[in-house]
Asker: 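This is the structure I have questions about; it appears just below.
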There are 2 protein chains.
Amino acid sequence: MISSTAKYALRAIVYMAGQSDRYVNRSEISNATLVPHEYLLKVLNQLDAAELVESRPGPGGGYRLRRPADEITALEVVTAVDSIPRITECPLGLAEHEQLCPLHQLLDDAGKRVEEAFAEAKVSDLLSRKRSRTCEFPQKK
Amino acid sequence: MISSTAKYALRAIVYMAGQSDRYVNRSEISNATLVPHEYLLKVLNQLDAAELVESRPGPGGGYRLRRPADEITALEVVTAVDSIPRITECPLGLAEHEQLCPLHQLLDDAGKRVEEAFAEAKVSDLLSRKRSRTCEFPQKK
DNA sequence: GCTAATGTAGACACGGAGGTCGACATTGAT
DNA sequence: ATCAATGTCGACCTCCGTGTCTACATTAGC
């Protein structure tokens, strides 16, 4: 449905959201979310470019959200790393088409529904209440 | 949203649906849908395994639908070649979880909505009324 | 039965997403 | 000013979905 990069981004963002305002370093995020440490860098870079997180180098540095968790939608996180394919015009460029062919309409509708699902969820909605048994952050073995 | 293989399958099925009961050979389907001729074979094999089409070799042979177009849903076509990822249980296998973590619930919800979109559409709904300007079958140049 | 049209099958090639590695740059604490 | 913790960047590797190639099997028509 979405790329694993997008899932990584969501896990990382949700983890940071659970750590209030402190800067969290990459190793800690990687340990908690099991996103590969080096790959996490690329994900965080994209989240930074999308202005969802900010970073600070040096001891005590790391990453944190730029905005409160209830003001960030899951859709923003997903689109920061992974464009959801929407079909707004005829893929053949036939300008005369007022509307898409039924098949293209269906494909676009599927994309639209996914977009809606992610747009309706705020990051704060994704925080697990009972932390002890959360499964969104897999355990390292 | 779905793989290009799934889009190929939909285009091929919709094309066959527009040819009533006659057997359509692979070259004709490939020309009409611009699905690469050799790759189309693999797609058709999967559609055959899913019992959506039947084939006949020899001169005058080819492929055709096994059931009427209004009794096949787009979801059947898509799932014949491409599983839509649903999350029915905790990915960590924590049996104690009565319900999924919020994040996994969201991901599953996205998959569910896509499934619904495709389940609601029959192949017959995807046939273009005005054939002259259809864009679902790209023109070879 | 022969031939041509067609489908069948498996091995191989390509490209992009996912993932790793090593050298470098920046900052906080002392 | 120095050092260590941390982030930054670019090159590389790997795997799998996509797509191609070549040889083989089956059948309609004569």
Asker: Would you kindly say whether A:Ser3 and A:Asp82 are connected by a side-chain donor-acceptor distance under 3.5 Å?
Answerer: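 Yes, because at least one side-chain N or O of A:Ser3 sits under 3.5 Å from a partner of the opposite role on A:Asp82.
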Asker: Assuming nearest nucleotide by heavy-atom distance, tell me which of B:His37 and A:Pro59 is located more 5' along DNA chain C.
Answerer: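 It is B:His37 whose nearest nucleotide is closer to the 5' end.
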Asker: Rounding to a whole Å, what distance do you find between B:Glu28:CD and C:dG7:P?
Answerer: 10 Å
Asker: Between A:Tyr63 and A:Tyr23, is there shared hydrophobic-cluster membership here, with clusters defined by ILVMFWY side-chain heavy atoms closer than 4.5 Å?
Answerer: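 No; A:Tyr23 is not reachable from A:Tyr63 via cluster members.
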Asker: Whether the side chain of A:Arg67 engages the backbone of A:Leu52 through a donor-acceptor N/O pair (distance < 3.5 Å, no angle test) should be reported.
Answerer: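 No: the side chain of A:Arg67 does not pair with the backbone of A:Leu52.
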Asker: Figure out the CZ/P separation between B:Arg11 and D:dT18, and round it to whole Å.
Answerer: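 The distance from CZ of B:Arg11 to P of D:dT18 comes to 13 Å, rounded to the nearest Å.
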Asker: Among A:Ile29, A:Leu34, A:Asn45, find the residue that satisfies the side-chain contact (heavy atoms from CB on, under 4.5 Å) test when tested with A:Leu40.
Answerer: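 Single side-chain contact (heavy atoms from CB on, under 4.5 Å) partner of A:Leu40 among A:Ile29, A:Leu34, A:Asn45: A:Ile29.
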Asker: Does a side-chain N or O from A:Asn25 land closer than 4.0 Å to OP1 or OP2 of D:dA5, or not?
Answerer: no
Asker: D:dG7 C1' sits how many Å from A:Arg64 CZ, rounded?
Answerer: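 One finds 16 Å between C1' of D:dG7 and CZ of A:Arg64, rounded.
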Asker: C:dA17 C1' sits how many Å from A:Leu40 CG, rounded?
Answerer: 17 Å
Asker: May I ask you to evaluate whether A:Ser55 reaches the phosphate of D:dT8, defined as a side-chain N or O under 4.0 Å from OP1 or OP2?
Answerer: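 Indeed, a polar side-chain atom of A:Ser55 lies that close.
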Asker: Just the rounded figure in Å: distance from C1' of C:dG18 to NZ of A:Lys7.
Answerer: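 Those two atoms, NZ and C1', are 13 Å apart.
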Asker: As a test of reading the structure: which of C:dT20, D:dG19, C:dG7 is closest to the side chain of B:Pro36, going by heavy atoms?
Answerer: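 Taking heavy atoms from C-beta onward, the closest nucleotide is D:dG19.
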Asker: Assign B:Thr5 to base, sugar-phosphate, or nothing according to its heavy-atom contacts below 4.0 angstrom with the strands shown.
Answerer: sugar-phosphate
Asker: Represent DNA chain C in dot-bracket notation, 5' to 3'. Only Watson-Crick or G-U wobble pairs with both distances under 3.5 Å count; pseudoknot-style crossings use [ ] and interstrand partners use |.
Answerer: ||||||||||||||||||||||||||||||
Asker: Could you work out which one of C:dT26, D:dT18, C:dT8 sits closest to the side chain of A:Pro57?
Answerer: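 The answer is C:dT26.
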Asker: Does C:dT8 have its OP1 or OP2 closer than 4.0 Å to a side-chain nitrogen or oxygen of B:Tyr63?
Answerer: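 Indeed, a polar side-chain atom of B:Tyr63 lies that close.
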Asker: Starting from the C-alpha separation in whole Å, work towards a yes-or-no answer on side chain to side chain donor-acceptor pair (under 3.5 Å) for B:Tyr39 and B:Ser30.
Answerer: CA-CA 9 Å; B:Tyr39 193 66; B:Ser30 173; over 6 Å; no
Asker: So that I can tick it off, tell me whether B:Glu76 and B:Arg66 are bridged by a salt bridge, with the cut-off set at under 4.0 angstrom between side-chain N and carboxylate O.
Answerer: no
Asker: Reckon A:Ser27 touches a base, only the sugar-phosphate, or nothing at all at heavy-atom distances under 4.0 Å?
Answerer: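 Nothing: the residue A:Ser27, judged by heavy atoms under 4.0 Å, touches no strand.
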Asker: If you pin B:Gly58 and A:Tyr8 to their nearest nucleotides in DNA chain C, which one's is more 5'?
Answerer: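 Its nearest nucleotide lies further toward 5', so the answer is B:Gly58.
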Asker: Looking at the side chain of A:Lys42, which of C:dT8, C:dG18, D:dA11 is the nearest nucleotide?
Answerer: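 Comparing C:dT8, C:dG18, D:dA11 against the side chain of A:Lys42, the answer is D:dA11.
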Asker: Looking only at side-chain atoms of A:Ser4, point me to the closest of C:dG19, C:dT8, D:dT20.
Answerer: C:dG19
Asker: Could you check how far OH of B:Tyr23 sits from P of D:dT27, rounded to whole Å?
Answerer: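 Result: 12 Å.
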Asker: Keeping the roles fixed (side chain from B:Asn31, backbone from B:Glu28), state whether a donor-acceptor pair exists under 3.5 Å.
Answerer: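 No, B:Asn31 side chain to B:Glu28 backbone: no donor-acceptor pair under 3.5 Å.
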Asker: Provide, to the nearest angstrom, the distance between the CG atom belonging to A:Asn45 and the P atom belonging to C:dT20.
Answerer: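 That distance rounds to 16 Å.
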Asker: Quickly work out the B:Met16 CE to C:dG7 P distance and round it to whole Å.
Answerer: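 My rounded result for the distance is 11 Å.
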Asker: Base, sugar-phosphate, or nothing: which does A:Arg56 touch, judged by heavy atoms less than 4.0 Å apart?
Answerer: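 Sugar-phosphate, no base atom in range.
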Asker: Do B:Asp125 side-chain atoms and B:Lys122 backbone N/O form a donor-acceptor pair below 3.5 Å?
Answerer: yes
Asker: Give B:Leu44 one of three labels, base, sugar-phosphate or nothing, depending on what nucleic acid heavy atoms sit under 4.0 Å from its own.
Answerer: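 No contact at all - B:Leu44 keeps every heavy atom at 4.0 Å or more from the nucleic acid.
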